[in-house]
Amino acid sequence: MARILITGSVDGLGQLSAKALADQGHQVVLHARNAERGRYAQHHVSRAEHVIIGDLSDIDDITNVADQANALGRFDAVIHNAGVYQAPPKDIWSVNTLAPYMLTCLIHKPKRLIYLSSSMHLQGRANLEHVTTDMSRISYSDSKLYVVMLCMAVARHWLDVYANAVDPGWVPTKMGGPGAPDDLQKGFETQTWLAVSNDSRAKVSGRYFHHLTERRFNPQASDVMLQERLLNLCRDITGIPFPQEIQSERSAKHD
């Protein structure tokens with residue numbers, strides 16, 4: 001059985017993913033923004049091992065979330081599920097992009113990393129200068145492009161990790177709204193499959209999935225120069241460099 005951390009698992013797809021994995025017998029650690037929501041999460045996923053508390057719109061809290069995770073030991077998989085939609089641009093950037101970057105850097109490296117994106121990333125533009133010059137111009141679509149870009153950078157740098165992005169579809173959660181047309185079951189099954197499955201189709205890296213199927217993604221996310229600009233920007237903002245895979249590990253992986 002695997003040990004999985006799921007960010008933003010109080011409700012919606014995060015909670016459904018947690019329930020599905022816990023019901024399969026896996027050890028699941030939840031994450032909530034505050035203690036009250038943490039109690040709610042624990043009540044609704046009673047089989048969860050633990051709840052980590054921290055606001056992912058705050059850099060200090062993000063660091064603390066990583067510290068709490070590392071204190072629990074190493075995870076087999078981390079699902080970066082937390083996200084905001086109708087929020088100030090600063091929070092959209094912090095929760096949807098900066099938090100996944102920081103947690104990827106700070107949490108002990110797992111075997112699998114899953115990043116929740118959206119089909120809306122296809123409309124995103126990699127205008128990274130807006131982060132430092134005019135954050136009001138950062139859109140949800142941009143943030144979801146950046147998280148796919150982060151995923152592809154992780155897959156390129158860390159050859160010993162399966163790192164993949166997921167478009168869960170437009171599903172009837174609190175974020176998606178009651179009129180969302182997609183199947184709720186299909187909204188969480190891909191990320192849980194990627195987290196624990198031994199299916200060869202799940203043991204890949206640098207891919208973008210929708211409903212268990214690989215899909216094409218915004219070509220900006222494959223641009224290595226843009227990836228490196230994103231990593232460097234996040235490093236400059238947080239003071240946390242992306243941990244590079246040492247050359248010996250890279251060479252051994254190819255032998």
Side-chain angles (χ1 to χ4, degrees), residues 7-8 54-63 65-66 78-107 109 113-159 161-168 175 191 205-210 215-245 250:
T7 67
D55 186 343
L56 299 185
S57 68
D58 180 271
I59 284 181
D60 291 337
D61 264 25
I62 298 169
T63 301
V65 165
V78 176
I79 301 176
H80 292 282
N81 170 83
V84 293
Y85 178 53
Q86 293 181 322
K90 177 182 179 296
D91 290 349
I92 287 174
W93 159 256
S94 295
V95 176
N96 295 3
T97 305
L98 196 62
Y101 169 84
M102 290 181 65
L103 295 177
T104 298
C105 294
L106 295 174
I107 293 176
K109 189 193 292 185
L113 286 161
I114 299 98
Y115 299 88
L116 268 286
S117 184
S118 164
S119 61
M120 289 178 68
H121 92 281
L122 294 167
Q123 285 77 53
R125 295 292 179 266
N127 295 318
L128 291 164
E129 65 277 6
H130 291 164
V131 176
T132 53
T133 62
D134 188 2
M135 193 165 279
S136 67
R137 298 179 67 181
I138 296 174
S139 69
Y140 176 81
S141 297
D142 295 340
S143 74
K144 288 303 184 179
L145 168 61
Y146 296 149
V147 84
V148 178
M149 197 179 295
L150 171 63
C151 173
M152 300 308 155
V154 172
R156 180 169 54 84
H157 281 291
W158 289 354
L159 303 184
V161 172
Y162 298 130
N164 295 287
V166 173
D167 162 25
M175 181 182 288
Q191 49 270 43
S205 197
R207 313 293 175 87
Y208 176 83
F209 287 88
H210 174 68
R215 293 287 179 89
R216 292 183 179 179
F217 51 90
N218 191 320
Q220 293 175 95
S222 296
D223 187 315
V224 171
M225 290 184 65
L226 285 175
Q227 291 173 13
E228 292 303 307
R229 280 186 61 200
L230 175 64
L231 296 183
N232 291 338
L233 175 64
C234 292
R235 177 202 63 200
D236 293 346
I237 291 171
T238 64
I240 300 167
F242 184 82
Q244 303 290 333
E245 185 181 56
R250 183 176 293 273

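Hydrogens, waters and symmetry mates are skipped; everything else that's a heavy atom, side chains included, is used.
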*Just wondering, do Ser94 and Leu56 contact through their side chains at under 4.5 Å, heavy atoms?*
no

*asked:* I'd like to know if the side chain of Asn164 and the backbone of Arg207 have a donor-acceptor N/O pair within less than 3.5 Å.
replied: yes

_What's the separation between atom CG in Leu122 and atom OG in Ser141, rounded to the nearest 0.5 Å?_
9.0 Å

*Quick one: pull up CG in Asp167 and CZ in Arg215 and give me the separation to the nearest 0.5 Å.*
8.0 Å

*First locate atom CD1 of Ile92, then atom CG of Asn96, and finally report the distance between them rounded to the nearest 0.5 Å.*
6.5 Å

*Considering all heavy atoms of both residues, which atom of Lys90 and which atom of Ser57 are nearest to each other, and what is their separation?*
NZ-O, 3.9 Å

*Taking Ser117 for its side chain and Lys144 for its backbone only, find out whether a donor-acceptor pair lies under 3.5 Å.*
yes

_Distance alone, cut at 3.5 Å: any donor-acceptor contact between the side chains of His157 and Glu228?_
yes

_Closest approach of Thr97 to Leu150 (non-hydrogen atoms, all atoms of both residues)_ = O-CD2, 4.4 Å

*Report the distance from atom CD1 of Ile114 to atom CD1 of Ile79, rounding to the nearest 0.5 Å.*
5.0 Å

_Tell me which pairs pass salt bridge (Lys or Arg N to Asp or Glu O under 4.0 Å) where either residue lies in residues 123-142, with sequence neighbours left out._
Glu129-Arg229

_How long is the straight-line distance from CG of Leu106 back to OG1 of Thr238, given to the nearest 0.5 Å?_
7.5 Å

*Grab the two heavy atoms, one from Thr7 and one from Ala82, that are nearest each other, plus how far apart they are.*
OG1-N, 3.0 Å

_Run Tyr115 and Thr104 through side chain to side chain contact (heavy atoms under 4.5 Å, CB included) and show every step you take._
CA-CA 10 Å; Tyr115 299 88; Thr104 298; 2.8 Å; yes

*asked:* Looking only at the aromatic ring of each residue, does the gap between the centers of His121 and Tyr208 stay below 6.0 angstrom?
replied: yes

*Return the set of residues passing ring-ring contact (aromatic ring centres under 6.0 Å, His included) with Phe209 (not counting sequence neighbours), or none when no residue passes.*
Trp193

*Write down the atom of Cys151, the atom of Ala165, and the distance for their closest heavy-atom approach.*
SG-N, 3.5 Å

*Are any side-chain N or O atoms of Asn127 and backbone N or O atoms of His130, one a donor and one an acceptor, separated by less than 3.5 Å?*
no

*Sub-3.5 Å donor-acceptor pair from the side chain of Gln220 to the main-chain atoms of Ala126, do we have one?*
yes

*Note, Asn232 side chain near Phe242 side chain (heavy atom, < 4.5 Å)*: no

*What are the two closest non-hydrogen atoms of Gly54 and Val65, and how far apart are they?*
CA-CG2, 3.6 Å

*Sub-4.5 Å side-chain heavy-atom contact between Ile237 and Trp93*: yes

*Rounded to the nearest 0.5 Å, how far apart are OG of Ser143 and CG of Asp91?*
11.5 Å

_For His80, run the side-chain contact (heavy atoms from CB on, under 4.5 Å) check against Val166, Leu113, Val147 and tell me which one passes._
Leu113

*Is any side-chain heavy atom of Val78 less than 4.5 Å from a side-chain heavy atom of Leu103?*
no

*Do the non-hydrogen side-chain atoms of Ile240 and Arg235 ever get within less than 4.5 Å of each other?*
no

*Pair Tyr85, Ser118: side-chain N/O donor-acceptor within cut-off below 3.5 Å*: no

*What pair of heavy atoms forms the shortest contact from Asn218 to Gly124, and how long is it?*
ND2-O, 3.5 Å

*Tell me, please, which residues at least two apart from Tyr162 pass side-chain hydrogen bond (donor to acceptor under 3.5 Å, both in side chains).*
none

*So do the side chains of Phe217 and Met152 get within less than 4.5 Å of each other, counting heavy atoms only?*
yes

_Could you tell me if the side chain of Pro243 sits less than 4.5 Å from the side chain of Trp158, heavy atoms only?_
yes

_Do Cys105 and Pro241 make a side-chain contact, defined as non-hydrogen atoms from C-beta onward lying under 4.5 Å apart?_
no

